[in-house]
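Inspection log for the structure reproduced underneath, given as structure tokens.
Lettering of chains follows the sequences in order, A, B, ..., and the numbering in each one begins at 1.
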There are 2 protein chains.
Amino acid sequence: MTFKAIIKNKQNILYGVALAALLLLLKWLEWRFVIIDNAFEIYAGAIAVVFTGLGIWLALKLITPKVKTVVVEKQVFTGPVFVLNEAELNKLRLSSRELEVLQLMANGHSNQQIAERLFVSLNTIKTHTSNLFLKLEVERRTQAIEKAKRLSLIP
Amino acid sequence: MTFKAIIKNKQNILYGVALAALLLLLKWLEWRFVIIDNAFEIYAGAIAVVFTGLGIWLALKLITPKVKTVVVEKQVFTGPVFVLNEAELNKLRLSSRELEVLQLMANGHSNQQIAERLFVSLNTIKTHTSNLFLKLEVERRTQAIEKAKRLSLIP
DNA sequence: TGCAAAATCACCCAAAAGTATGACTGAAAA
DNA sequence: TTTTCAGTCATACTTTTGGGTGATTTTGCA
């Protein structure tokens, strides 16, 4: 039995000590009053009272509390951390270039501006957007943006 | 409470019983060797044990159970709640009709569709969008949507 | 090394979006 | 009462977008 175990049984050891103390008290009382012979009944009564008290005290001390679990719902606002929905991205078979165009589109750029930024011709961007609309099953860039956001393809 | 609590305190009660048994053994030994002379002590010991038991029993029977309340926080992840940025809305002096058009625009509707939904002519919607772009200082609906979302004018 | 997918570009046409300007009404404010 | 303003609508015009088709070049991968 290590120190830990001693600590664990601290309570029980305490009860033992308490009982021992009471017994000593009993002995002492015996010594003091045994002389008076007919004090026996009083003595017995005192023992009864004291030990009843001890029993009650013991019981109260030893009852393990009933655990009542209260679940409190705590609202946690998910931060605006964007996680790209790669599953959907693969399902729709969007190419990287198309996704790039989609992002710029969502940022409010015109096809011409996107073309300039990506150093390609306007017609190329038009092709990309057309394919994008086909894959996303929409017919306007605003719809594409709305759907892409909904599917977490863009922030 | 009774039986359950007893089971719960099995260990402690066992300690008590063991102690009592030891006492009895002690008394018995005493009795065996000192015979009737010390009959009183046996009697006192018996009283002590019995009344201790009585006390325990009383306490277990009559005391209302201790309840320990454990509060567990449960994290509930809620999507970000949209709060319209009325300050910005007033600052930009957007009319209610314009905001309405803006919302439908952000949902991917064409001007024609917005006109039909609001029971007005296409030209009216064009006027609204034009004013909207002036007030938002943009020149495309995609930019308007982007800016409006950024300013929390629309979800 | 060769093929499929991706990326690039062109052209045409139609639809939608956007610009500019002006006008009318009704309600509310000055 | 006059002014202001939101809301409505129209016409005319330009720009952008989107659909359809076809073609060439790159490129990643088996």
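What separates CD of B:Glu139 from C1' of D:dT15 is a distance of 12 Å, to the nearest Å. Straight-line distance from the CZ atom of B:Arg140 to the P atom of D:dT16: 8 Å, rounded to whole Å. Rounded to an integer number of Å, the gap from CD of B:Gln143 to C1' of D:dT17 is 15 Å. Atom-to-atom, CG of B:Leu134 to P of C:dG18 comes out at 12 Å; the value is rounded to the nearest Å. Rounding to whole angstrom units, CG of residue B:Leu136 and C1' of C:dG18 are separated by 15 Å. B:Ile125 has its CD1 atom 17 Å from the P atom of D:dT11, to the nearest Å. The CD-C1' distance, from B:Glu100 to D:dT8, rounds to 14 Å in whole Å.
For A:Ala148, the side-chain contact (heavy atoms from CB on, under 4.5 Å) partners at least two apart in sequence or on another chain are A:Leu102, A:Leu153, A:Ile154. Partners of B:Glu116 by salt bridge (charged side-chain N to carboxylate O under 4.0 Å, His left out), not counting sequence neighbours: none found.
Put simply, CG on B:Asn131 and NZ on B:Lys126 are 14.0 Å apart, with the number rounded to the nearest 0.5 Å. Going from atom CD of A:Glu86 over to atom CG of A:Leu94 covers 12.0 Å, rounded to the nearest 0.5 Å. Rounding to the nearest 0.5 Å gives a distance of 11.0 Å between CE of B:Met105 and CD of B:Gln103. Note that CZ of B:Arg150 and CD of B:Glu146 are 4.5 Å apart. Values are rounded to the nearest 0.5 Å. If you take CG on B:Leu89 and NZ on B:Lys135, they are separated by 9.5 Å, rounding to the nearest 0.5 Å.
Each end of the helix from C:dT1-D:dA30 to C:dA30-D:dT1 gets its own axis from five base pairs, and the two axes differ in direction by 60°, given to 10 degrees.
Taking both residues in full, the closest heavy atoms of B:Glu139 and B:Gln143 are given as N-OE1, 3.1 Å, listed atom of the first, atom of the second, then distance.
Side-chain N or O atoms of B:Asn111 include none that pairs as donor or acceptor with a backbone N or O of B:Leu122 at under 3.5 Å.
The 12-atom threshold is not exceeded at CZ of A:Phe119, counting heavy atoms of other residues, nucleotides or ligands nearer than 6.0 Å.
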Check the pair A:Lys68, B:Lys68 against side chain to side chain contact (heavy atoms under 4.5 Å, CB included), reporting the backbone distance first and the verdict last. CA-CA 6 Å; A:Lys68 188 179 172 189; B:Lys68 188 179 174 189; over 6 Å; no
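Listed by residue number, the members of residues 145-155 of chain B with any heavy atom below 4.0 angstrom from DNA chain C form an empty set. DNA chain C lies under 4.0 Å from at least one heavy atom of each of the following residues of residues 103-112 of chain B: B:Ser110, B:Asn111.
Side-chain contact annotation: A:Arg140 with B:Gln113, donor-acceptor N/O pair under 3.5 Å present. Side-chain contact, B:Thr124 with B:Ser121: a donor N or O sits under 3.5 Å from an acceptor N or O.
At the phosphate of C:dG18, OP1 or OP2 sits under 4.0 Å from a side-chain N or O atom of B:Arg141.
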Between the protein and nucleotides 6-15 of chain C, which nitrogen or oxygen pairs come in under 3.5 angstrom?
unit_1	atom_1	unit_2	atom_2	d
C:dA7	OP1	A:Ser96	OG	3.0
C:dA7	OP1	A:Arg97	N	3.3
C:dA7	OP2	A:Ser95	OG	2.2
C:dT8	OP1	A:Arg97	NE	3.1
C:dT8	OP1	A:Arg97	NH2	2.7
C:dT8	OP2	A:Arg97	NE	2.9
C:dT8	OP2	A:His128	NE2	2.9
C:dC9	OP2	A:Ser121	N	2.7
C:dC9	OP2	A:Thr124	OG1	2.8
C:dC9	O5'	A:Thr124	OG1	3.4
C:dC9	N4	A:Thr127	OG1	2.9

